[in-house]
Protein chains: 2
Amino acid sequence: MSTIKDVAKEAGVSVATVSRFLNKSGYVSENSAKNVLDAIKKLDYQPNSVARALFHKTSKMIGLIVPDITNPFFPELARAVEDVSMIYGYKVLLGNSDGDPEKEQNYLDLFDQKYVDGIIMTSRSSKTDLTLNTDTPIVVLDRANISGLPTVTSNNYEGARQAVELLIEKGAMHIAHIRGPREITSANDRYQGFIDEMLKNNMDYVIAESAFNLKSAEEAAHHFFDKHKQIDAIFCSNDTIAVGFLKVALKKGIQIPADLQIIGFDGVAFGEMVYPELTTVAQPIYDMGAMASRLLIKLIEKEEPEQLLYELKNSIIERGTTRK
Amino acid sequence: MSTIKDVAKEAGVSVATVSRFLNKSGYVSENSAKNVLDAIKKLDYQPNSVARALFHKTSKMIGLIVPDITNPFFPELARAVEDVSMIYGYKVLLGNSDGDPEKEQNYLDLFDQKYVDGIIMTSRSSKTDLTLNTDTPIVVLDRANISGLPTVTSNNYEGARQAVELLIEKGAMHIAHIRGPREITSANDRYQGFIDEMLKNNMDYVIAESAFNLKSAEEAAHHFFDKHKQIDAIFCSNDTIAVGFLKVALKKGIQIPADLQIIGFDGVAFGEMVYPELTTVAQPIYDMGAMASRLLIKLIEKEEPEQLLYELKNSIIERGTTRK
DNA sequence: CTCACATGTGTAACCGATTACATGTCAATA
DNA sequence: TATTGACATGTAATCGGTTACACATGTGAG
């Protein structure tokens with residue numbers, strides 16, 4: 001690897017001139033410019049971004065913290081973040097936190113040491129759990145409960161409401177909701193949206209609970225179907241739960257969607273892999289990631305963003321687990 | 001953010017002493033050590049890793065290039081890489097290449113500029129497509145065709161063979177293989193394993209082809225089922241294709257596994273989400289990622305690794321798309 | 001009583017960039 | 001002719017660490 005000194009020597013100028021050439025700052029004569037350019041090509045020189053980072057206290061990197069990249073919601077988010085960051089010249093440092101505030105703090109510290117320019121995190125921690133370095137802008141994604149920080153979410157409440165509307169419109173009489181964990185804001189919002197819309201329609205409902213993973217969902221489903229024979233529609237707090245219920249229902253020989261309609265939440269890719277395909281309230285996952293990146297980059301570049309809270313709209317995708 | 005100078009001043013010693021203390025190198029008196037430690041705590045000092053990186057030409061980061069983190073195979077790999085890297089104190093810089101050699105090259109260059117200590121890449125490019133910086137160790141994952149580089153794969157040929165064995169054992173008489181793209185080594189190996197085992201058993205076979213995505217698989221499946229009525233078992237080149245065929249078969253009212261058995265390859269999470277659950281040749285995805293990290297870290301730390309090619313074993317997971 | 005060596009510490013060079021500042025040339029202007 | 005400002009370039013300080021080296025001091029061996 002050649003350095004700016006090598007280039008300077010090769011071009012017969014000082015390092016300052018090379019630097020000015022590279023950054024198009026200050027004056028460089030045409031002649032020098034040519035020599036420097038030739039030298040750069042000859043030596044295959046690439047400026048060292050660590051040295052730059054040290055001087056500028058800036059790394060052109062953004063840190064991304066997700067609970068678990070293995071959870072199908074996050075790869076798409078991560079992809080979006082990377083895609084738009086890339087456009088603006090930022091690279092992505094990835095961290096999995098498992099939702100553990102300690103791991104989150106580790107990454108936060110680490111990111112600061114590396115002079116990342118900004119951080120995007122999906123977290124259920126509250127502001128008080130974390131020591132935030134106030135010079136580094138942070139955008140919070142999906143779970144909107146680190147109060148005061150710029151946030152990108154979707155309207156979970158409204159999405160849940162619409163899910164219920166759809167089920168009713170499709171003739172459902174006895175609707176159940178499988179809610180997600182109580183620590184997760186979005187699960188609570190979806191729950192509330194469900195409740196409110198049911199009450200508005202004067203309908204009775206059944207609530208069950210499951211974690212956001214397949215195993216937990218299947219267990220819940222087994223219990224559920226043993227107990228509640230009359231239910232003809234289920235709104236699940238996310239697609240994983242929905243798929244778990246779908247599987248168990250199929251196994252029990254329940255006709256989907258004739259006897260039982262199911263609607264999930266998230267709009268994650270595997271909703272299309274199951275049969276019947278899963279009807280769901282789709283979050284604009286990619287857009288949320290892209291939005292978060294753009295917001296963060298505005299913050300980094302000290303532009304005034306229009307808003308600090310972006311709540312994107314969900315849209316219902318009707319597929320095979322609800323009636324035509 | 002406080003610097004080593006602040007700490008030195010606070011502790012009443014020179015920066016060299018602080019540095020020696022931090023790195024446990026050279027001599028530091030007990031008294032100085034105590035003062036330094038107090039100062040560090042008081043100032044909440046964290047050494048700046050950019051400055052360190054500049055001096056050491058080392059960043060404690062490893063670069064990970066995957067084609068597309070959105071492809072369900074890679075999150076688990078990425079997770080494994082991050083988990084073991086973390087243990088050894090390395091962080092992960094992520095890049096999606098979309099299999100494009102130009103993007104791969106971009107990340108490679110970028111990683112060098114950032115002084116990453118090593119690189120893990122999943123790539124179908126050949127060594128000649130890429131300009132590799134020879135000081136930075138690289139481990140290639142999954143697709144073993146950048147010849148000469150240390151590699152971690154699974155035995156695709158053998159896995160395919162076993163898949164055929166299983167189908168025959170389960171009474172399949174007319175077996176088809178849906179092969180993956182010809183540019184992908186692992187798809188070719190699986191194809192070859194299929195062919196060889198079929199010939200060995202003196203059986204006729206049908207070959208069809210599909211890209212590794214759901215849409216392409218479903219299209220292929222529609223064509224396939226229209227044309228080949230007598231087929232009673234299908235070995236698919238990966239789980240995505242298998243799920244696509246499963247869906248279309250179910251839609252056509254084909255009984256699975258009674259009339260048609262299906263086996264996939266990869267062992268990706270959504271194989272358990274469909275019903276019937278997908279029988280598959282499971283790659284030890286997490287282990288492969290972990291192995292690649294450990295191998296890379298050995299290379300980084302100039303330890304002599306035992307081997308340069310690790311070929312892990314696949315294992316068949318019998319689930320619902322093959323007979324009991 | 002020296003000498004050798006372990007212990008302890010500070011000064012300054014260095015990693016590879018950026019940039020403030022000084023210096024110098026040259027043409028246009030007063 | 002003296003002054004000014006645009007153009008051009010180099011020197012050296014700086015970012016925040018690490019470490020070679022020089023220079024103490026103290027202790028035990030010969």
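Numbers restart at 1 for each chain; the letters A, B, ... are given by sequence-line order, proteins then strands.
- Residues forming a salt bridge (charged side-chain N to carboxylate O under 4.0 Å, His left out) with B:D38 (at least two apart in sequence, or on another chain): B:K34.
- Applying side-chain contact (heavy atoms from CB on, under 4.5 Å) to A:V139 and the options A:I297, A:L296, A:V81, A:I62 leaves one that passes, A:L296.
- Remark: side-chain polar atoms of B:K103 are not paired, donor with acceptor, to backbone N or O of B:G95 under 3.5 angstrom.
- Straight-line distance from the CD atom of B:E30 to the P atom of C:dG8: 8 Å, rounded to whole Å.
- Here D:dG17 presents its P atom at 9 Å from CG of B:D6, a figure rounded to the nearest Å.
- In this structure, the NZ atom of A:K9 is 13 Å from the P atom of D:dT11, given to the nearest Å.
- Annotation: side chain to side chain donor-acceptor pair (under 3.5 Å) contacts involving residues 72-82 of chain B, sequence neighbours excluded, comprise A:D68-B:R79, A:D98-B:R79, A:Y107-B:E82, B:R79-B:D83.
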*Going through the checks in order, is the side-chain hydrogen bond (donor to acceptor under 3.5 Å, both in side chains) test met by B:Q105 and B:D109?*
CA-CA 6 Å; B:Q105 188 67 59; B:D109 292 347; 3.1 Å; yes
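- Between its two ends, the helix from C:dC1-D:dG30 to C:dA30-D:dT1 turns its axis by 60°, counting five pairs per end and rounding to 10 degrees.
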For residues 5-14 of chain A, run the donor-acceptor check on the side chains, cut-off 3.5 Å, and write out each pair with its distance to 0.1 Å, sequence neighbours left out.
{"residue": "A:D6", "atom": "OD2", "partner": "A:T3", "partner atom": "N", "Å": "2.8"}
{"residue": "A:E10", "atom": "OE2", "partner": "A:K42", "partner atom": "NZ", "Å": "3.0"}
{"residue": "A:S14", "atom": "OG", "partner": "A:A16", "partner atom": "N", "Å": "3.3"}
{"residue": "A:S14", "atom": "OG", "partner": "A:T17", "partner atom": "N", "Å": "3.4"}

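- Remark: P of C:dT7 and CZ of B:F21 are 18 Å apart, rounded to the nearest angstrom.
- Checked by atom type and distance alone, the side chain of A:S49 pairs as donor or acceptor with a backbone atom of B:Q113 at under 3.5 Å.
- Contact between the side-chain N/O atoms of B:Y27 and the OP1/OP2 oxygens of C:dG8 is not found at any separation under 4.0 Å.
- With sequence neighbours excluded, no residue satisfies salt bridge (charged side-chain N to carboxylate O under 4.0 Å, His left out) with B:K60.
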*What one-letter contact string describes nucleotides 10-25 of chain C from 5' to 3', where B marks a base within less than 4.0 Å of any protein heavy atom, S marks contact via sugar-phosphate atoms alone, and - marks no contact?*
BB--BBBBBB------
